[in-house]
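Written out below as structure tokens is the structure these notes cover.
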2 protein chains.
Amino acid sequence: MPSEPAPRGSAPPDAVLRRLSGYARLTPEEEALLRQVTARPVLVPARTELVRDGEAAPRPQVLVEGWACRQRLLADGRRQIVVVLLPGDLIGLDLRRRSLPFGSVAALTQAQICEASPLRERAAAHGTAPGHETGLAAALRQAREMEEIWLVNQVVRLGRQTAYERVAHFLLELRERLAAVDRVHDDRFSFPITQEVLADALGLSVVHMNRTMQQLRRDGLIEQRATAITLRDVPALVSIADYAITDRAGAPGA
Amino acid sequence: MPSEPAPRGSAPPDAVLRRLSGYARLTPEEEALLRQVTARPVLVPARTELVRDGEAAPRPQVLVEGWACRQRLLADGRRQIVVVLLPGDLIGLDLRRRSLPFGSVAALTQAQICEASPLRERAAAHGTAPGHETGLAAALRQAREMEEIWLVNQVVRLGRQTAYERVAHFLLELRERLAAVDRVHDDRFSFPITQEVLADALGLSVVHMNRTMQQLRRDGLIEQRATAITLRDVPALVSIADYAITDRAGAPGA
DNA sequence: CGATATGTTGACTTTAGTCAACCAGTGTGG
DNA sequence: CCACACTGGTTGACTAAAGTCAACATATCG
């Protein structure tokens with residue numbers, strides 16, 4: 001697990017701060033804490049395992065840059081990606097009481113990670129007034145609620161939608177989530193994963209995934225160039241996928 | 001929403017107490033509170049909607065008897081059951097900050113429900129020392145963690161398992177969960193749902209569901225009589241489903 | 001006794017998976 | 001420089017899993 005310095009690129013900085021302050025008003029101290037926590041990201045290559053499956057008390061981490069996922073492997077090698085993690089997402093922030101098969105967490109691309117225990121500690125110490133949490137504690141709770149929504153979305157996609165619908169739905173979810181960290185412009189965003197990964201996320205074979213993407217392209221719904229994707233007709237995609245907007249904060253206007 | 005008295009049957013009483021005390025040691029006061037909360041269950045018929053989808057702040061409830069589910073409906077009528085809820089399960093215990101599409105909660109059978117706000121309040125007031133919650137607060141957290149595991153299980157079933165494997169996996173999960181509330185004897189338990197419900201839970205058509213159950217029966221893996229089911233060969237089912245035991249508490253010995 | 005709900009069956013269609021090959025881009029070492 | 005291996009995307013031919021439609025069976029219930 002290499003730990004190079006911190007190649008802060010041209011990308012919109014501090015996805016984590018952006019995410020969390022979209023969920024609740026943070027105090028200046030909390031913002032400072034966030035900046036401090038994300039100041040020295042560790043660079044890890046794709047496929048790095050960030051949390052082992054069943055690990056009892058994974059250290060809290062934040063994903064500052066790059067994509068990752070929670071996944072579960074079956075004995076015969078089949079893989080199911082449970083949820084994709086994007087810049088600004090939290091990993092292992094809720095402390096866990098037992099060793100349970102939540103799935104492992106792995107980087108899907110090269111990624112920048114930060115240790116985030118201070119966030120958990122600060123949230124536990126402040127703003128946990130029953131019924132009306134404030135600041136960081138409220139934001140972390142909201143982040144957890146969003147992750148639960150993504151899980152429910154995933155269940156519905158896998159259980160009741162066709163391949164075509166699944167991809168449309170998934171792309172819309174990505175757009176919404178990435179918009180919340182200011183990484184979508186004109187319905188275009190970075191899309192750094194292979195069709196194999198996509199297939200494992202959406203419960204399809206690679207070949208069928210490929211054909212489904214082609215169909216979406218032919219239908220003028222998406223456009224892919226290099227490692228970026230453009231959603232060319234969001235209303236049509238929404239209609240195909242029966243997509244319900246969840247996050248008002250990350251709406252187009254941003 | 002009828003509210004008849006409280007037909008305490010012959011069933012093992014107080015599934016909720018059993019569940020929660022399996023997760024953490026409760027104080028006598030907490031046990032008393034649980035008994036008090038579950039003393040006067042409300043009887044609701046099958047199909048009662050207990051929580052509407054997107055409801056901002058559902059009241060906390062506990063399912064004392066009967067089965068229910070969280071589900072999401074697509075515009076064209078397709079239904080996906082996200083998670084099945086069993087006696088002792090909690091509904092809407094985590095307070096929610098926004099109105100989000102978590103899915104609606106509905107009774108699958110006639111069910112007994114209790115208002116459970118006192119549990120949330122007590123847990124918020126006591127035992128929330130950061131990092132090492134105690135008593136009820138710890139038990140509620142554990143219950144939440146278990147529900148997340150069930151969601152992950154559901155994703156893996158739907159995304160990467162065949163119909164046959166899905167059913168095997170689901171039955172094993174039910175067995176484990178029901179065992180935790182002492183409702184499994186000799187791998188036999190009450191199974192009060194129709195094949196249509198099962199199909200909506202496992203992302204299959206009713207017809208295919210039917211054929212898959214038949215196959216499991218023919219293979220001597222399960223036996224159904226009236227509204228009860230027996231798992232005749234748990235090790236074989238575990239092997240077919242690639243099932244990972246999650247809950248040591250609810251193991252056979254009980 | 002119909003009326004309804006659930007389970008079952010057969011015939012057929014559709015969706016998605018499998019296998020194998022091939023292509024384009026990339027990078028490597030000789 | 002080129003042969004080579006490697007990855008990721010693409011294609012065609014075929015198979016298998018699951019869905020659809022329609023009919024029928026069975027049970028319960030008022």
Side-chain angles (χ1 to χ4, degrees), chain A residues 45-47 67 74 76-81 107-110 156-170 190-219 222-229 240-241, chain B residues 45-47 67 74 76-81 106-110 157-170 190-219 222-229 240-241:
Chain A
R47 280 165 212 199
W67 290 26
L74 299 190
D76 62 1
R78 281 176 285 181
R79 165 170 83 155
Q80 178 63 46
I81 290 178
L108 290 171
T109 66
Q110 174 175 281
V156 174
R157 277 193 292 260
L158 296 175
R160 281 294 180 234
Q161 296 198 293
T162 64
Y164 196 73
E165 294 166 338
R166 278 180 221 184
V167 177
H169 197 282
F170 185 62
S190 165
F191 194 69
I193 55 177
T194 65
Q195 294 186 351
E196 188 188 354
V197 168
L198 208 42
D200 281 342
L202 296 179
L204 300 168
S205 67
V206 185
V207 172
H208 198 58
M209 190 70 243
N210 180 285
R211 289 179 171 137
T212 306
M213 292 299 281
Q214 287 182 53
Q215 191 61 49
L216 284 160
R217 267 182 251 137
R218 261 182 265 121
D219 294 346
I222 64 173
E223 194 176 314
Q224 254 183 303
R225 270 194 349 273
T227 60
I229 194 168
I240 287 162
Chain B
R47 285 171 207 193
W67 291 25
L74 299 190
D76 62 1
R78 280 176 287 181
R79 166 171 80 156
Q80 178 61 46
I81 291 179
L108 290 172
T109 68
Q110 176 176 281
R157 278 193 293 260
L158 296 175
R160 281 294 180 234
Q161 295 198 292
T162 65
Y164 197 73
E165 294 166 338
R166 279 180 220 185
V167 177
H169 196 280
F170 185 62
S190 165
F191 193 70
I193 55 176
T194 65
Q195 294 186 349
E196 188 189 354
V197 168
L198 208 42
D200 282 341
L202 296 180
L204 300 167
S205 68
V206 185
V207 172
H208 198 59
M209 189 70 242
N210 180 285
R211 289 182 171 134
T212 306
M213 292 298 281
Q214 288 182 53
Q215 191 59 48
L216 284 159
R217 270 183 249 135
R218 261 182 265 120
D219 294 346
I222 65 173
E223 194 176 314
Q224 253 182 303
R225 270 192 351 271
T227 60
I229 195 167
I240 288 161

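Values reported hereafter were calculated over all heavy atoms of this structure, with side chains retained and with hydrogens, waters and symmetry mates removed. Here is the naming used below: chain letters follow the sequence lines, and residue numbers restart at 1 for every chain. Quick caveat, the model's predicted, so the values are computed rather than measured.
- Contact between B/Leu204 and A/Arg160 at its shortest, heavy atoms only, is O-NH2, 3.0 Å.
- Using a 4.0 Å heavy-atom cutoff across all strands shown, B/Arg218 reaches no nucleic acid atom at all.
- Residues B/Gln80 and B/Asp200 come closest through the heavy atom pair NE2-O, 3.1 Å.
- Using a 4.5 Å heavy-atom threshold, the side chains of B/Glu165 and B/His169 count as separate.
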Which pairs, protein N/O on one side and nucleotides 14-18 of chain C N/O on the other, fall under 3.5 Å?
residue : atom : partner  : partner atom : Å
C/dA16  : OP1  : A/Ala163 : N            : 2.9
C/dA16  : OP2  : A/His208 : NE2          : 3.1
C/dA16  : O5'  : A/His208 : NE2          : 3.3
C/dG17  : OP1  : A/Ser205 : N            : 3.4
C/dG17  : OP2  : A/Ser205 : N            : 3.0
C/dG17  : OP2  : A/Ser205 : OG           : 3.1

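- Residues A/Gln224 and A/Phe191 come closest through the heavy atom pair NE2-CD2, 3.7 Å.
- A donor-acceptor contact shorter than 3.5 Å links the side chain of A/Arg166 to the backbone of A/Gln161.
- The only option from A/Gln214, A/Met213, A/His208 that meets the side-chain contact (heavy atoms from CB on, under 4.5 Å) definition with A/Asn210 turns out to be A/Gln214.
- For C/dT8, one of the phosphate oxygens OP1 or OP2 lies less than 4.0 angstrom from a side-chain nitrogen or oxygen of B/Asn210.
- Checked by atom type, the side-chain pair B/Gln215/B/Arg218 shows a donor-acceptor distance below 3.5 Å.
- For the helix from C/dC1-D/dG30 to C/dG30-D/dC1, the angle separating the two terminal helix axes comes to 30°, with each axis derived from five pairs and the value rounded to 10°.
- A close approach under 4.0 Å does occur between a side-chain nitrogen or oxygen of B/Arg217 and OP1 or OP2 of C/dT8.
- Applying the 4.0 Å criterion to OP1 and OP2 of C/dG7, one finds that B/Gln214 has every side-chain N and O outside that range.
- Shown here for B/Thr109 and B/Trp67, the closest heavy-atom pair between the two residues is OG1-N, 3.0 Å.
- Taking a heavy-atom distance under 4.0 Å as the criterion, the stretch of DNA chain D touched by chain A extends 5' to 3' from D/dG8 to D/dA13.
- Scanning both residues, B/Gly203 and B/Leu158, for their nearest heavy atoms gives N-CD2, 3.8 Å.
- The number of heavy atoms from other shown groups lying within 6.0 Å of CD (B/Glu196) does not exceed 12.
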